[in-house]
Amino acid sequence: MAKKGKKQFARSVAFRKPMPQLEPQPATTTTQVNLSFYEAYTLALKEWKLAQIILAGCGGIGAHLADHIGRIIWVLSGLGVGVNLSLVDPDVVEEKNIGRQRFCPAEIGIPKAVALARRLSQAYGVNTMAYQAEYSENLILPTAQLVLLVGCVDNYKARRALSDTLAQNPEEPTPHALPRIWWVDCGNLKDTGRVLVGSAHQAEQVRGAFREKKRCISLPSPSLQYPSLLMPQREDVETREMSCAELAAANMQSLNINAAIAVQAADILTRLLITHDLKRYQCAVNVASGSVKSFYITPEEIAREIEKPANYVICEDQPGGIQATGDHQLQAVVA
């Protein structure tokens with residue numbers, strides 16, 4: 001018994017050894033909280049009773065996004081407004097599309113736009129027109145008071161056509177002459193992608209876009225945000241001489257990146273057309289890291305996009321405007 005008590009005492013003494021002295025550490029920098037969302041303006045659209053959505057590109061992202069658009073149109077019909085949906089794609093469903101794109105084996109050989117139109121018509125009764133063709137601004141209905149061009153294309157020529165359509169918007173947008181045509185552009189690589197929103201064909205069309213309190217009436221187009229979208233890329237040149245098998249191998253993507261981009265684009269369309277509370281004009285998605293980063297509609301951010309001072313987008317003659325600072329830092333997600 002005595003030995004046992006001695007061992008307990010020894011352990012008790014060992015436990016009470018003085019703790020080593022720690023060297024003083026320098027103060028660490030606190031992570032800055034981004035409050036841009038709470039400072040962001042809401043995007044203002046013109047009033048409408050009949051809108052047109054043109055989904056250009058019905059492949060990887062477009063096939064996923066089409067179903068979201070069908071649900072959005074179903075909700076809008078219950079609110080007493082009409083939406084015409086035009087699906088545009090020159091390609092047919094191929095075996096290599098199954099799995100990575102939202103098609104099934106029974107649809108092989110059917111034009112992609114037609115396959116999606118059949119689904120939406122049966123599921124939601126959506127008023128849909130399908131075109132097995134390249135996008136053309138001739139598809140715009142003259143009776144539509146608001147037009148949303150949703151680009152899910154994979155080449156610069158198609159994006160040029162979408163960009164050129166924005167030239168129909170007012171040269172000087174005002175609260176009484178809001179843009180009629182908006183372009184929502186979607187694109188991705190293997191694990192990353194982005195969604196961009198805009199209406200201004202030229203930087204001058206963004207002047208005074210923030211003149212109203214907490215409302216923005218114009219945004220730089222996706223091609224103003226990333227001019228490289230309208231330029232031939234290395235892959236456009238390299239793939240001209242590749243076989244079908246090589247093209248399929250080079251075009252391998254994450255199984256989920258198309259769906260992830262479609263969700264972000266669908267949320268932007270929902271906030272544009274239903275809840276009227278869109279406060280972001282760009283977002284980047286990375287499914288490998290599980291991250292989504294958004295850029296918000298503030299005078300400083302939009303001014304940087306067009307390389308102008310913030311006074312330019314608020315109101316050039318307004319005294320005391322905020323001066324934008326810093327270089328344009330946004331990096332393209334796709335080349």
Side-chain angles (χ1 to χ4, degrees), residues 52-74 83-136 138-139 148-159 161-162 184-193 195 233 235-236 238-266 269 285 287 334:
Q52 181 183 17
I53 298 175
I54 299 179
L55 179 61
C58 299
I61 299 173
H64 285 277
L65 185 52
D67 186 66
H68 292 295
I69 292 175
R71 294 187 300 107
I72 291 170
I73 294 176
W74 174 268
V83 180
N84 180 282
L85 174 60
S86 299
L87 303 173
V88 188
D89 195 297
D91 298 330
V92 300
V93 180
E94 300 179 66
E95 185 175 358
K96 67 181 182 181
N97 300 140
I98 309 303
R100 187 166 54 84
Q101 299 183 11
R102 200 167 184 271
F103 296 103
C104 66
E107 293 171 316
I108 293 175
I110 300 175
K112 291 181 178 180
V114 174
L116 296 181
R118 288 177 180 175
R119 292 187 208 168
L120 297 181
S121 177
Q122 293 173 359
Y124 305 107
V126 173
N127 182 18
T128 305
M129 295 185 291
Y131 300 91
Q132 187 183 1
E134 300 282 355
Y135 165 78
S136 168
N138 294 329
L139 298 175
L148 295 180
L149 307 176
V150 183
C152 300
V153 297
D154 59 2
N155 64 87
Y156 75 98
K157 291 182 179 179
R159 287 194 180 98
L162 292 166
V184 180
D185 189 69
C186 310
N188 67 279
L189 293 175
K190 181 180 179 182
D191 290 311
T192 60
V195 184
Q233 302 302 309
E235 56 269 24
D236 294 326
E238 291 177 348
T239 55
R240 291 176 189 170
E241 312 246 336
M242 296 173 68
S243 68
C244 293
E246 290 171 332
L247 282 170
N251 201 31
M252 286 300 292
Q253 297 169 333
S254 161
L255 284 177
N256 299 308
I257 183 61
N258 291 324
I261 296 297
V263 166
Q264 296 301 321
L269 292 174
V285 178
V287 293
V334 294

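Side chains are part of it too, since the values below use all heavy atoms of this structure and drop only hydrogens, waters and symmetry mates. All residue numbers in this chain count up from 1 along the given sequence.
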Next item on the list: Measure from the side-chain N and O atoms of Arg100 to the backbone N and O of Gly60, and report whether any donor-acceptor pair falls under 3.5 Å.
Entry: no
Next item on the list: Determine yes or no for a side-chain-to-main-chain donor-acceptor pair under 3.5 angstrom, with Asn97 supplying the side chain and Glu94 the backbone.
Entry: yes
Any side-chain heavy atom of [X] within less than 4.5 Å of one from [Y]?
X      : Y      : result
Leu55  : Leu87  : yes
Tyr135 : Val153 : no
Ile73  : Tyr124 : no
Ile98  : Pro105 : yes

Give the minimum heavy-atom separation between [X] and [Y], together with the two atoms involved.
X      : Y      : result
Gln52  : Ser86  : NE2-OG, 3.2 Å
Ser254 : Asp191 : CB-OD1, 3.2 Å
Leu65  : Cys152 : CD2-SG, 4.1 Å
Pro90  : Glu134 : CG-OE2, 3.6 Å
Ile261 : Cys186 : CG2-CB, 3.9 Å

Check: Which is it for Leu269 and His68 under the side-chain contact (heavy atoms from CB on, under 4.5 Å) test, yes or no, and what are the steps along the way?
Finding: CA-CA 9 Å; Leu269 292 174; His68 292 295; over 6 Å; no
Checklist line | side-chain contact (heavy atoms from CB on, under 4.5 Å) between Val114 and Val92, worked out | finding: CA-CA 9 Å; Val114 174; Val92 300; over 6 Å; no
Distance from [X] atom [atom1] to [Y] atom [atom2], nearest 0.5 Å?
X      : Y      : atom1 : atom2 : answer
Asp91  : Asp154 : CG    : CG    : 8.0 Å
Thr128 : Leu85  : OG1   : CG    : 4.5 Å
Asp67  : Leu120 : CG    : CG    : 6.5 Å

Margin query: Just to verify, which of Gln101, Gln132, Glu107 counts as forming a side chain to side chain donor-acceptor pair (under 3.5 Å) with Lys112?
Written below: Gln101
Next item on the list: Go through the steps to decide whether Lys190 and Ile257 satisfy the test side-chain contact (heavy atoms from CB on, under 4.5 Å), and finish with yes or no.
Entry: CA-CA 7 Å; Lys190 181 180 179 182; Ile257 183 61; over 6 Å; no
Item checked: Residues that Asn127 engages under side-chain contact (heavy atoms from CB on, under 4.5 Å), provided they are two or more places apart -> Asn84
Margin query: Given Phe103, which partner from the list Leu116, Ile110, Ile108 fulfils the side-chain contact (heavy atoms from CB on, under 4.5 Å) test?
Written below: Leu116
